[in-house]
2 protein chains.
Amino acid sequence: MEIYKGEKKRLYLEEHSIAHLFSFSIDEYTEIREYKRDEWIIQEGMRPDFLFYMIEGKAKIYVTHQNGKVSLINFINAKEFIGEMELLNEIYYTKGIQATTKTICFALPFNRYREKLLEDTKFLRELTRFLSVKATTIAAKYSQSLAFPLENRLADFILQTADEGIYKEKHVTVCDYLGVSYRHLLHVLTQFCEKSYLQKEGRNYHIKQYESLSELAKVMNNK
Amino acid sequence: MEIYKGEKKRLYLEEHSIAHLFSFSIDEYTEIREYKRDEWIIQEGMRPDFLFYMIEGKAKIYVTHQNGKVSLINFINAKEFIGEMELLNEIYYTKGIQATTKTICFALPFNRYREKLLEDTKFLRELTRFLSVKATTIAAKYSQSLAFPLENRLADFILQTADEGIYKEKHVTVCDYLGVSYRHLLHVLTQFCEKSYLQKEGRNYHIKQYESLSELAKVMNNK
DNA sequence: TAAATAATATGAGAAATCTCCTATTTTTGA
DNA sequence: TCAAAAATAGGAGATTTCTCATATTATTTA
């Protein structure tokens with residue numbers, strides 16, 4: 001992890017200002033941090049001392065269960081908060097946050113800003129909206145995970161993450177995210193290939209029948 | 001549904017004031033509503049025009065999937081908001097809210113209060129805390145549901161809902177809540193009885209081995 | 001660059017969970 | 001108060017998903 005200092009910090013603050021999120025200046029004590037791919041921004045179980053706001057990059061929220069299983073609860077993208085749970089709640093089991101790509105975020109020290117933040121309407125409104133989306137997203141995933149087999153959830157995930165008709169997520173990550181075993185994921189992917197929804201090309205999968213996958217995904221979503 | 005008027009309203013506002021949640025008075029346009037057991041406070045898919053705050057009673061959040069399965073996403077208790085998602089988000093699929101018991105709540109009309117609420121620090125701080133708990137709760141349920149079989153989740157649920165050593169939730173409700181089939185729920189309950197964790201007494205189940213159930217529940221919770 | 005580590009791949013059998021069916025008992029509403 | 005609807009109960013067989021074992025192929029790192 002690298003912390004931007006001096007001129008580099010000044011420039012970054014200028015070019016990626018988040019002043020619109022607050023009604024007071026957070027420049028002085030805020031750090032600008034760069035994390036490498038796979039680095040842990042927050043370690044599971046270790047309360048952070050900062051509220052983070054992600055500017056560039058992607059990260060993942062992980063929790064490890066006592067039976068050894070790991071859940072990838074959600075992805076975090078640019079313009080999202082990290083550590084807001086710890087800002088708000090004294091008691092909270094801190095999840096692990098891992099950078100998926102090179103990541104740059106602002107880090108606001110709790111000790112300097114907590115009180116001010118919790119009194120700042122502008123910030124609270126932002127946070128409220130962020131949390132409502134977060135809660136809604138997880139609730140949707142939760143109820144879908146209980147109501148539909150992997151076939152449907154995977155179809156949805158493939159469509160959401162494919163790039164130019166190519167699906168190439170790591171199986172290992174997808175297992176944690178969809179909460180199924182590696183073995184079973186492979187099994188359903190093979191089925192998709194047998195039905196010609198997908199065609200395997202090396203490590204990637206080429207989407208051959210958008211419609212079929214779309215049908216599977218569609219039945220999950222109330223709109 | 002009954003709306004309290006006149007003296008009844010005045011008295012109720014006085015005795016169950018929620019003035020501490022706002023920095024302005026909400027008495028004038030706020031309705032006090034009483035819903036009967038099993039009545040729908042909000043119907044699925046129908047955007048409400050009010051922000052509700054529950055004073056007395058219990059309710060359930062339901063969503064119906066296109067495959068006919070129903071998920072009971074969560075319970076709502078006193079001192080919780082309902083309709084806050086619709087207050088904050090233009091686009092949101094409204095879940096159904098059903099009263100489990102006689103329920104009394106305050107109903108703040110959006111058209112009168114939306115702007116004021118979204119600028120009110122006091123309210124936003126309350127809402128923020130509420131949402132953070134809500135998101136955390138669902139995230140926990142979500143990851144647990146993927147990582148543990150019904151045996152563990154049911155043990156936890158029994159301990160949480162049992163009253164004086166007696167578990168007597170409706171199977172139908174529990175299925176929706178834990179996201180399993182009726183048949184399977186019965187099967188695991190029977191197992192608990194065979195292992196003497198529970199003893200069936202008519203429609204109720206008497207907890208015979210707290211410890212065993214506790215063991216099953218414990219492994220789910222990171223603390 | 002070799003050795004260690006992570007990711008992919010697949011078989012086989014078992015466990016968890018589901019669907020469908022049928023019956024009985026309770027609760028509810030006209 | 002009685003018929004209809006809801007809830008409980010359990011059998012049987014099918015699906016979904018898991019665990020474990022074992023190989024092969026990247027990828028990482030000392």
Side-chain angles (χ1 to χ4, degrees), chain A residues 36-39 60 62 65 67-72 98 100-101 143-155 157 167-195 198-205 216 219-220, chain B residues 36-39 60 62 65 67-72 98 100-101 143-155 157 167-195 198-205 216 219-220:
Chain A
K36 290 200 204 69
R37 180 165 174 273
D38 290 342
E39 212 175 337
K60 294 179 284 191
Y62 276 113
H65 300 278
N67 64 357
K69 289 200 185 177
V70 169
S71 296
L72 201 188
Q98 187 181 33
T100 308
T101 63
S143 69
Q144 287 170 359
S145 75
L146 294 178
F148 296 93
L150 182 61
E151 186 176 43
N152 299 89
R153 295 181 291 133
L154 181 59
F157 183 75
Y167 167 78
K168 51 166 109 172
E169 296 300 316
K170 280 205 179 147
H171 297 334
V172 181
T173 305
V174 179
C175 293
D176 291 341
Y177 185 64
L178 297 179
V180 295
S181 67
Y182 189 94
R183 191 65 194 79
H184 189 51
L185 174 63
L186 273 259
H187 179 234
V188 176
L189 276 172
T190 305
Q191 283 185 349
F192 282 177
C193 290
E194 280 167 3
K195 293 178 186 164
L198 299 178
Q199 186 174 305
K200 196 170 172 185
E201 290 169 355
R203 298 240 144 164
N204 301 343
Y205 292 81
L216 287 174
V219 297
M220 288 202 311
Chain B
K36 290 199 204 70
R37 180 165 174 273
D38 291 343
E39 211 175 338
K60 295 179 285 191
Y62 276 112
H65 300 278
N67 65 358
K69 288 199 186 181
V70 169
S71 295
L72 201 188
Q98 187 181 33
T100 307
T101 62
S143 69
Q144 288 171 359
S145 76
L146 295 178
F148 296 92
L150 181 60
E151 186 177 43
N152 299 88
R153 295 182 290 132
L154 180 58
F157 183 74
Y167 167 78
K168 49 168 111 175
E169 295 300 316
K170 279 207 179 148
H171 297 333
V172 180
T173 305
V174 179
C175 292
D176 292 341
Y177 185 64
L178 297 178
V180 294
S181 67
Y182 190 94
R183 191 65 193 79
H184 189 52
L185 173 62
L186 277 236
H187 180 233
V188 176
L189 276 173
T190 305
Q191 283 185 350
F192 282 178
C193 289
E194 278 166 3
K195 292 177 185 165
L198 299 177
Q199 186 175 306
K200 197 169 172 187
E201 291 170 353
R203 298 238 146 164
N204 300 342
Y205 293 80
L216 287 173
V219 297
M220 290 202 311

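Just so we're clear, the structure is a prediction, and the values are computed from it rather than from any experiment. All values below come from the heavy atoms of this structure, side chains included, with hydrogens, waters and symmetry mates left out. Numbered from 1 within each chain, the chains take letters A, B, ... in sequence-line order.
- Of the candidates D:dG10, C:dT10, D:dA9, the closest approach to any side-chain atom of A:Tyr182 belongs to C:dT10.
- Heavy atoms of B:His184 sit under 4.0 angstrom from at least one base atom.
- To the nearest angstrom, P of C:dC18 lies 9 Å from CG of A:Leu146.
- The distance from atom NZ of A:Lys170 to atom C1' of D:dT27 is 9 Å, rounded to the nearest whole Å.
- With distances taken from any side-chain atom of A:Leu186 to the nucleotides C:dT17, D:dA9, C:dA9, the minimum falls on C:dA9.
- Residue A:Lys200 has its side chain nearest to C:dA9 when only D:dT8, C:dT8, C:dA9 are considered.
- A:Gly179 comes within contact range of the sugar-phosphate backbone alone, with a heavy-atom separation under 4.0 Å but no base atom that close.
- Applying the 6.0 Å contact sphere to NE2 of A:His187 captures no more than 12 heavy atoms from other residues, nucleotides or ligands.
- Atom CG in B:Asp176 sits about 14 Å away from atom P in D:dA6, given to the nearest Å.
- In terms of position along DNA chain D, the nucleotide closest to A:Arg183 lies nearer the 5' end than the nucleotide closest to the other residue of the pair A:Arg203 and A:Arg183.
- Side-chain proximity of A:Val180 to the nucleotides C:dT8, C:dT17, D:dC18 is greatest for D:dC18.
- Listed candidates were C:dA9, D:dT8, D:dT16. Nearest to the side chain of A:Pro149 is D:dT16.
- In this structure, A:His187 places its NE2 atom 9 Å from P of D:dT16, rounding to the nearest Å.
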